[in-house]
Chemist: 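Below you'll find the structure I mean.
Keep in mind that the numbers below use all heavy atoms, side chains included, and drop hydrogens, waters and symmetry copies.
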Amino acid sequence: MNTTTYLCGHKIDNPIIPASGTFGFGQEYREMYDLNILGAISIKGTTREARFGNLTPRIAECKAGMLNAVGLQNPGVEAVVGHELPELAKIYRKPIIANVCGFSLEEYVEVARRMCETDNVGWIELNVSCPNVKHGGMSFGTDAGCAAEVTSAVKAVCSKPVIVKLSPNVTDIVAIAQACQEAGADGLCLINTLLGMRLDLQKRRPILANITGGFSGDAVFPVALRMVYQVAKVCRIPIVGCGGISTARDVVEMMMAGASAVEVGTANLINPYACRDIIEDLPNVMQRLRIDNLTDIIGAAL
Ligand SMILES: Cc1cc2nc3c(=O)[nH]c(=O)nc-3n(C[C@H](O)[C@H](O)[C@H](O)COP(=O)(O)O)c2cc1C
């Protein structure tokens, strides 16, 4: 059973990648299992300066998923490049995916350039769900023009593949994906969290201090799958499927819809062994479905 796949020219042992923000910088999971079994790791979204994140409560549980409004808490790019990545390199021998965030075009470019200069970074993942301060806080990823502009600005300073991670909170995900592809994106990741909220019935107020948060977990899988399928129909660059993946069966379904690899997020927070369990079960599912090479099924449903 061959689980090898390719992500923007890099061969990876299997398609399983922990999703940004659910795996920190790998240190919390090193006690659980050998991280080298993973296809790759997407590290916590990084900004230019350190960020404390939003006020608490910033997590709310939901049926079949969760809401988070962590607010991009991270130690800032210099601490990531100078400390977190060298520490991760001591226990993890493969290239990592650097998830890059910014509140302006200039910030994205600066963070991406620093990440790109770092040896163990294999890919840049542009999180375009961040608010664009110059455009009244509207997310870069909800406007095709803004998404394309940030993609081409980052491509101009990066020699490594740039994967644009799209927001699902849009009317037409295909138009945004195409704009990013035309702007030079080497790959796409779909999807980030869906905007949601919950109320505290005693207080008659929102549970999250931020009022709204990003919804993720099992319940979003059909939405993510639909978006991957629609984008794969028209785009030629590789897609990383993400959203509600928690089993090897989900991985196969996402790849049949057009994904070349997958990211597993919320499942890690429910079961810290989720990625290991999926990697171990994948050959069994492949055998049952008579799949010899995983790459054979990419886009099989299209
Ligand atoms: C607590 C938490 C923090 C997250 N932080 C980031 C982040 O820093 N950058 C990013 O691109 N996505 C972030 N995400 C989104 C996930 O990477 C993923 O796209 C989303 O949760 C959907 O996948 P899932 O349903 O498997 O969790 C975060 C998600 C959660 C739950």
Side-chain angles (χ1 to χ4, degrees), residues 3-8 12 14-17 19-20 39-40 42 64-65 97 123 125-129 139 141-144 147-148 151 161-183 185-196 214-267 278 282 285-286 288-291 293-302:
T3 61
T4 303
T5 186
Y6 296 84
L7 186 55
C8 309
I12 56 177
N14 63 67
I16 318 303
I17 305 168
S20 177
S42 178
I97 303 179
W123 306 262
E125 184 174 69
L126 270 191
N127 172 9
V128 293
S129 296
S139 154
T142 54
D143 178 83
T151 303
V162 174
I163 297 169
V164 184
K165 182 167 177 185
L166 302 183
S167 165
N169 302 311
V170 296
T171 312
D172 185 0
I173 190 95
V174 174
I176 313 260
Q178 281 178 310
C180 293
Q181 177 176 269
E182 267 144 47
D186 300 288
L188 298 165
C189 176
L190 282 73
I191 56 176
N192 212 312
T193 53
L194 289 136
L195 198 60
F215 183 50
S216 61
D218 283 350
V220 311
F221 182 76
V223 178
L225 188 94
R226 181 267 294 178
M227 290 188 162
V228 166
Y229 179 86
Q230 287 179 326
V231 168
K233 273 202 145 173
V234 296
C235 288
R236 54 184 186 278
I237 51 178
I239 298 172
V240 181
C242 177
I245 294 168
S246 65
T247 65
R249 198 205 160 281
D250 296 339
V251 174
V252 168
E253 192 169 339
M254 201 47 110
M255 292 183 77
M256 285 182 176
S260 295
V262 301
E263 288 185 10
V264 176
T266 302
I278 295 172
L282 191 55
V285 174
M286 287 171 69
R288 278 204 296 279
L289 294 167
R290 296 196 184 85
I291 302 165
N293 295 298
L294 211 45
T295 49
D296 292 344
I297 62 159
I298 298 171
L302 295 169

Chemist: Start with the C-alpha distance between Thr247 and Val285, add both sets of side-chain angles, then the distance that settles side chain to side chain contact (heavy atoms under 4.5 Å, CB included), and finish with yes or no.
Modeler: CA-CA 10 Å; Thr247 65; Val285 174; over 6 Å; no

Chemist: Looking only at heavy atoms, what is the nearest atom pair of Ile278 and Val251, with distance?
Modeler: CG2-CG2, 3.7 Å

Chemist: Which heavy atom of Val220 sits nearest a heavy atom of Gly244, and at what distance?
Modeler: CG2-N, 3.6 Å

Chemist: With Ile245 as reference, evaluate Val264, Thr266, Ile16 under the side-chain contact (heavy atoms from CB on, under 4.5 Å) test and give the passing residue.
Modeler: Val264

Chemist: Test Ser216 against every option in Thr193, Asn192, Leu194 by the side-chain contact (heavy atoms from CB on, under 4.5 Å) rule and name the one that passes.
Modeler: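 By the side-chain contact (heavy atoms from CB on, under 4.5 Å) criterion, Ser216 pairs with just one of Thr193, Asn192, Leu194: Thr193.
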
Chemist: Please confirm whether the backbone N or O of Gly65 pairs with a side-chain atom of Asp218, one donor and one acceptor, at under 3.5 Å?
Modeler: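 Checking the backbone N and O of Gly65 against the side chain of Asp218, no donor-acceptor pair under 3.5 Å is found.
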
Chemist: Please assess Ser139 against Asn169 for the test side chain to side chain contact (heavy atoms under 4.5 Å, CB included), listing each intermediate value before the final yes or no.
Modeler: CA-CA 9 Å; Ser139 154; Asn169 302 311; over 6 Å; no

Chemist: Rounded to the nearest 0.5 Å, how far apart are CD1 of Ile298 and CE of Met256?
Modeler: 11.5 Å

Chemist: Could you state the interatomic distance from OG (Ser167) to CG (Leu190), rounded to the nearest 0.5 Å?
Modeler: 10.0 Å

Chemist: Does Pro15 reach the side chain of Leu282, with side-chain heavy atoms less than 4.5 Å apart?
Modeler: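 A side-chain contact exists here, since the closest heavy-atom pair is under 4.5 Å.
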
Chemist: Of Ile17, Ile97, Val162, which is the lone residue that meets side-chain contact (heavy atoms from CB on, under 4.5 Å) with Glu125?
Modeler: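 That would be Ile97.
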
Chemist: In the structure I gave you, are the side-chain heavy atoms of Thr5 and Met255 within less than 4.5 Å of one another anywhere?
Modeler: yes

Chemist: Is Val262 close to Asp250 at the side-chain level, that is, under 4.5 Å between some pair of heavy atoms?
Modeler: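 Side chain of Asp250 against side chain of Val262, heavy atoms only: no contact under 4.5 Å found.
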
Chemist: Atom CG in Asn293, atom OG1 in Thr3: separation rounded to 0.5 Å?
Modeler: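 These two atoms lie 10.0 Å from each other.
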
Chemist: Identify the two heavy atoms, one from Cys242 and one from Met254, that lie closest to each other, and give their separation to 0.1 Å.
Modeler: N-CE, 4.1 Å

Chemist: Looking at every heavy atom in both Gly258 and Ile239, which two are closest together, and how far apart are they?
Modeler: O-CB, 4.0 Å

Chemist: Side-chain contact, heavy-atom cut-off 4.5 Å: Ile237 with Leu188?
Modeler: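 Sidechains of Leu188 and Ile237: in contact.
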
Chemist: What heavy-atom pair brings Leu302 and Ala257 nearest, and what distance separates the two atoms?
Modeler: CD2-O, 3.8 Å

Chemist: To the nearest 0.5 angstrom, please state how far the SG atom of Cys235 sits from the CD atom of Gln230.
Modeler: 11.5 Å

Chemist: Give me the atom names and distance for the closest heavy-atom approach of Ala185 to Val164.
Modeler: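 So the minimum-distance heavy-atom pair works out to CB-CG2, 3.7 Å.
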
Chemist: Could you state the interatomic distance from CD (Gln178) to CD (Gln181), rounded to the nearest 0.5 Å?
Modeler: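 Reported value, rounded in 0.5 Å steps: 7.0 Å.
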
Chemist: Does Ser20 reach the side chain of Asn127, with side-chain heavy atoms less than 4.5 Å apart?
Modeler: no

Chemist: Using only atom types and a distance under 3.5 Å, with no angle test, would you say the side chain of Trp123 pairs donor to acceptor with the backbone of Cys8?
Modeler: no

Chemist: Got a second to check how far Leu126's CG is from Leu166's CG, nearest 0.5 Å?
Modeler: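 If I round to the nearest 0.5 Å, the distance is 10.0 Å.
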
Chemist: Using a 6.0 Å cut-off, check whether atom CZ of Arg249 has over 12 heavy atoms from anything other than its own residue.
Modeler: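 Atom CZ in Arg249 is not crowded, with 12 or fewer foreign heavy atoms closer than 6.0 Å.
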
